[in-house]
Amino acid sequence: MGDVYVEFFSEEALENIMALLQYKPERIIYLGHKHNMITKKMKSLRKFASITSPDTILEFIEVPRDSLELCIQTIDDICEEYPDARFELTGGGEMFLIAFGYVSATRDPKTLRIDPYTGTEMDFSEGAAPVSAKTNVQISVAENIILHGGVLRTTMTNWRFTEQFRDEIRTIWGVAQELRHNWNKHCSVIEEVVKNYPADDNGVYRLPKAALRDAVQILERLNEVSMMDFCRFERSQVVFRFRSKQIREVVTKTGNILELHVYEVATRKPTEFTDAVVGAVIDWDGESEPLPDELEGRNRSETINEIDVILMRSAVPTFISCKSGRADSKALHELETVTSRFGGKYAKKVLVMASPCDTSTSGSSFFKQRAKDMHIWVLDDIYSMSDAQLIRKLQRIQGA
């Protein structure tokens, strides 16, 4: 402790925290201009620091961006007061960088740069040649959301990822692969029918075959792979009970199995990603707890986003939107909006589609080109993709 670091305040939140995470110093001085060092961003940074490095003092100094003289004087004053201060050179406005270069001509400040994407630190203070070293900087999904001004309120379903549940996800995904587009279609029917014919106090469903129609195929296959406690196919109805509440949640909500499959594959080895969340609910404001019905879209007074899967590798997030049915440009824009807000330029954006995106049609070709223009990775035809292929693609997206 007792060390001081200087950061040139950046609009990219990740560029402001690398020294904080790596060294947890006694003090960090942020130099910025009024147009980018706004109160909300400083407040989010303070909140983030209080969690990740609570003993670090954050000091913010604002200098007019049109005054090179004041920028030079401010840096010079810091060097005078803190002669051993280290300047972290990631981010910052050009006026400060020019001023820093000017000061460096007469002083010999200690400098470093930590790349938020690779986690590599370049230390320029040890002689003529810079010294490169790999850092172990990590933040959680929740911390990343806080850093960007929001709050990870909850997840849509409180899944308990025991080894048994992971096995069940793999089993149900196998059924979905067999049925392909019919899985989504049949799940939609079951989702509607169970609302009209809820289970009794013992969790037993009695669903009319007339209402289920072809969706009865899912129940037959799930019974065959032991996902039911019992299942009887009577003359006019199907009587059954799911083996667990979690299996029920997977089958009675369209799209759940795809995002669970992506999450399960991504987190199978804890070394692949440093943190992960499935079914994330993000409160943009983060000031007050939303009411339960706000999470369902009723009387919502705050901006809430739901993201299917968020993966972290070190300090870089990957936002994943899963589509078990068709996807359009709206899905791309929704993913772009939330990723830009809570990940910035370093974050990765992925649209996962269960079925193929048929590029033989002009509409699909336009869709993929639009995604490419927005720097969104499209992983389609997941039904045909092995687990090994999926994890390799996710690793590639994260630059592993």
Visitor: Given side chains that start at C-beta, do those of K195 and V193 come closer than 4.5 Å, heavy atoms only?
Guide: no
Visitor: Between R153 and D283 (salt bridge meaning N to carboxylate O under 4.0 Å), is one present in this structure?
Guide: yes
Visitor: Give the cluster check for L89 versus I98: same hydrophobic cluster or not, with ILVMFWY residues linked at side-chain heavy-atom distances below 4.5 Å.
Guide: yes
Visitor: Is the OH atom of Y102 crowded by more than 12 outside heavy atoms at less than 6.0 Å?
Guide: no
Visitor: Test of understanding: clusters of I, L, V, M, F, W, Y form through side-chain heavy atoms closer than 4.5 Å, transitively. Do V175 and F233 belong to the same one?
Guide: yes
Visitor: What do the steps show when you test Q217 against E220 for side-chain hydrogen bond (donor to acceptor under 3.5 Å, both in side chains), and what is the final call?
Guide: CA-CA 5 Å; Q217 292 179 37; E220 291 172 343; over 6 Å; no
Visitor: Shortest non-hydrogen contact from F319 to G343?
Guide: CE1-CA, 4.1 Å
Visitor: Which of parallel (below 30°), tilted (30 to 60°) and perpendicular (above 60°) describes F240 and Y205?
Guide: parallel
Visitor: Any salt bridge (charged side-chain N to carboxylate O under 4.0 Å, His left out) involving residues 263-275? Give me the pairs, sequence neighbours left out, ordered by first then second residue.
Guide: R166-E264, R170-E264, E264-R268, R268-D387
Visitor: Counting only heavy atoms not in D167 (residues, nucleotides, ligands), do more than 12 fall under 6.0 Å from its CG?
Guide: yes
Visitor: Has E94 got more than 12 heavy atoms of other residues, nucleotides or ligands less than 6.0 Å from its CD?
Guide: no
Visitor: Output the rest of the hydrophobic cluster of V204: all Ile, Leu, Val, Met, Phe, Trp and Tyr residues reachable through side-chain heavy-atom contacts under 4.5 Å, sorted by chain and number.
Guide: F230, V239
Visitor: As a quick check of understanding, evaluate side chain to side chain contact (heavy atoms under 4.5 Å, CB included) for V151 and K47, giving each step before the final call.
Guide: CA-CA 11 Å; V151 170; K47 188 174 181 181; 3.8 Å; yes
Visitor: Looking at T339 and L335, would you say the former's side chain and the latter's main chain have a donor-acceptor pair under 3.5 Å?
Guide: yes
Visitor: Quick one: are L20 and T56 in side-chain contact, heavy atoms under 4.5 Å?
Guide: yes
Visitor: Given L219 and H186, is the side chain to side chain contact (heavy atoms under 4.5 Å, CB included) satisfied, shown in steps?
Guide: CA-CA 10 Å; L219 302 180; H186 295 340; over 6 Å; no
Visitor: With salt bridge (Lys or Arg N to Asp or Glu O under 4.0 Å) as the criterion, how do E334 and R341 come out once you've worked through the C-alpha distance, each side chain's angles and the decisive distance to 0.1 Å?
Guide: CA-CA 11 Å; E334 288 175 347; R341 177 66 174 79; over 6 Å; no
Visitor: Report the C-alpha separation of W377 and R396 in whole Å, then their side-chain angles, then the decisive distance to 0.1 Å, and conclude whether the side chain to side chain contact (heavy atoms under 4.5 Å, CB included) test is met.
Guide: CA-CA 11 Å; W377 292 73; R396 181 188 173 199; 4.1 Å; yes
Visitor: Are there more than 12 heavy atoms of other residues, nucleotides or ligands under 6.0 Å from atom OH of Y197?
Guide: no
Visitor: Pair Y263, D308 - check side chain to side chain contact (heavy atoms under 4.5 Å, CB included), show working.
Guide: CA-CA 9 Å; Y263 176 89; D308 296 322; over 6 Å; no
Visitor: Run the ring-ring contact (aromatic ring centres under 6.0 Å, His included) test on Y117 and Y346 for me, step by step, so that the C-alpha distance in whole Å, both residues' side-chain angles and the decisive distance to 0.1 Å come before the verdict.
Guide: CA-CA 6 Å; Y117 185 66; Y346 293 99; 7.2 Å; no
Visitor: Got a donor-acceptor contact below 3.5 angstrom from the Q389 side chain to the S386 backbone?
Guide: yes
Visitor: Kindly give the heavy-atom pair with the smallest separation between H261 and L390, and that separation in Å.
Guide: NE2-CD2, 3.8 Å
Visitor: Before giving the answer on salt bridge (Lys or Arg N to Asp or Glu O under 4.0 Å), spell out for D200 and R206 the whole-Å C-alpha distance, their side-chain angles and the decisive distance to 0.1 Å.
Guide: CA-CA 9 Å; D200 63 20; R206 291 175 172 80; 3.3 Å; yes
Visitor: Test your reading of the model: is there a side-chain donor-acceptor pair from R113 to the backbone of E88, 3.5 Å cut-off?
Guide: no
Visitor: Could you please spell out the steps behind the salt bridge (Lys or Arg N to Asp or Glu O under 4.0 Å) verdict for E15 and K345?
Guide: CA-CA 10 Å; E15 295 178 349; K345 71 179 184 181; 3.3 Å; yes
Visitor: Flag the pair L258 / V352 as yes when at least one side-chain heavy-atom distance between them is below 4.5 Å, and no otherwise.
Guide: yes
Visitor: Of all heavy-atom pairs between A276 and T267, which one has the smallest distance, and what is that distance?
Guide: CB-CG2, 3.5 Å
Visitor: Which donor-acceptor pairs under 3.5 Å do side chains of residues 28-35 form with protein atoms, sequence neighbours excluded?
Guide:
from : atom 1 : to  : atom 2 : distance (Å)
Y30  : OH     : N16 : O      : 2.7
H33  : ND1    : V63 : O      : 2.7
H33  : ND1    : R65 : N      : 3.4

Visitor: If you take the centroid of each ring, where Trp contributes its six-membered ring, are W284 and F342 closer together than 6.0 Å?
Guide: yes
Visitor: Go through it in stages, so that I can follow the logic: the residues are R27 and D3, the test is salt bridge (Lys or Arg N to Asp or Glu O under 4.0 Å), and I'd like the CA-CA distance, side-chain angles, deciding distance and then a yes or no.
Guide: CA-CA 7 Å; R27 180 183 298 269; D3 46 347; over 6 Å; no
Visitor: Show the nearest heavy-atom pair for residues S140 and M312, with the distance to one decimal.
Guide: C-CG, 4.0 Å
Visitor: In the structure I gave you, are the side-chain heavy atoms of W173 and L260 within less than 4.5 Å of one another anywhere?
Guide: no
Visitor: Please report the closest heavy-atom contact between I61 and E59, naming both atoms and the distance.
Guide: CD1-OE2, 3.7 Å
Visitor: Which side-chain N or O atoms in residues 130-137 pair as donor and acceptor under 3.5 Å with protein atoms at least two apart or in another chain?
Guide:
from : atom 1 : to   : atom 2 : distance (Å)
K134 : NZ     : T118 : O      : 2.2
T135 : OG1    : G119 : O      : 2.5
N136 : OD1    : Q138 : NE2    : 3.4

Visitor: Side-chain contact, heavy-atom cut-off 4.5 Å: C79 with V103?
Guide: yes
Visitor: Can a cation-pi geometry be assigned to R248 and F242, taking NZ or CZ under 6.0 Å from the six-membered ring centre and within 45° of the ring axis?
Guide: no
Visitor: So, do I72 and I75 sit near enough that their side-chain heavy atoms are less than 4.5 Å apart?
Guide: no
Visitor: For S10 and E12: C-alpha separation, side-chain torsions, deciding distance, then whether side-chain hydrogen bond (donor to acceptor under 3.5 Å, both in side chains) applies.
Guide: CA-CA 5 Å; S10 173; E12 288 293 334; over 6 Å; no
Visitor: Hey, is CD on E69 packed in by over 12 heavy atoms from elsewhere, all under 6.0 Å?
Guide: no
Visitor: Should the ring pair Y23 and Y5 be called parallel, tilted or perpendicular, given that the plane angle runs from 0 to 90° and is split at 30 and 60?
Guide: parallel
Visitor: Determine which pairs satisfy salt bridge (charged side-chain N to carboxylate O under 4.0 Å, His left out) with at least one residue from residues 173-193, sequence neighbours left out, and list them in order.
Guide: E178-R221, R180-D381
Visitor: Are side-chain heavy atoms of F48 and I139 found at a separation under 4.5 Å?
Guide: yes
Visitor: Using the rule side chain to side chain contact (heavy atoms under 4.5 Å, CB included), only one of V216, V189, N196, L212 pairs with L207; which is it?
Guide: L212
Visitor: Do you know which two heavy atoms are closest between D380 and S355, and how far apart they sit?
Guide: CB-O, 3.6 Å
Visitor: With a 4.5 Å limit on heavy-atom distance, are the side chains of L379 and I320 in contact?
Guide: no
Visitor: Count the heavy atoms of every other residue, nucleotide or ligand shown that sit under 6.0 Å from CZ of R107, and state whether that count exceeds 12.
Guide: yes
Visitor: Suppose we screen for side-chain contact (heavy atoms from CB on, under 4.5 Å). Which residues come up paired with A327, at least two apart in sequence or across chains?
Guide: K323, A331, L351, M353, F367
Visitor: Is it true that the side chains of S244 and Q246 contain a donor and an acceptor less than 3.5 Å apart?
Guide: no
Visitor: NZ of K209: more than 12 outside heavy atoms within 6.0 angstrom?
Guide: yes
